[in-house]
Amino acid sequence: MSVSYDAIIDKMIQELETARSHQGHEAKLQRHILNVRLLCDLIAENDRSYAEQSANMTNEEWKTMIGDLRHSKGTVTHHDGANGDSIFDF
């Protein structure tokens, strides 16, 4: 049985929205972010080089790529429609 990319991406969005609602609760936030990572890996499972690269990333590379979530202030700036209801609103 095959799952469509749309279904996986919809689940990613749901997990990200749930993660956003758990800011300030580190363990819950990280669980949802890890779920997103697993869903990304599911999409990329056919690409062996991606799997090898992500498995071999150092902590420093992860911090460079996504930042240090532990020290994030979680502030939101609203201007010109930015930071709307969608995760794709910039």
Are Leu42 and Met12 connected into the same hydrophobic cluster when the rule is that any two of I, L, V, M, F, W, Y join if their side-chain heavy atoms are below 4.5 Å apart?
yes
Between Ile13 and Ile8, is there shared hydrophobic-cluster membership here, with clusters defined by ILVMFWY side-chain heavy atoms closer than 4.5 Å?
yes
Please report the shortest heavy-atom distance between Leu29 and Ala19, naming the atom on each side.
CD1-O, 3.1 Å
Considering non-hydrogen atoms only, spot the tightest contact between Ile9 and Ile43 and give its length.
CG1-CD1, 4.2 Å
The criterion is salt bridge (Lys or Arg N to Asp or Glu O under 4.0 Å); which residues satisfy it with Lys28, sequence neighbours excluded?
none
Can you name the residues that form a ring pair (Phe, Tyr, Trp, His ring centres under 6.0 Å) with His22, not counting sequence neighbours?
His32
To the closest 0.5 Å, what do you measure between CD1 (Ile33) and CD (Glu26)?
10.0 Å
Look up atom CG in Leu16 and atom CG in Asn35, then write down how far apart they are to the nearest 0.5 Å.
10.0 Å
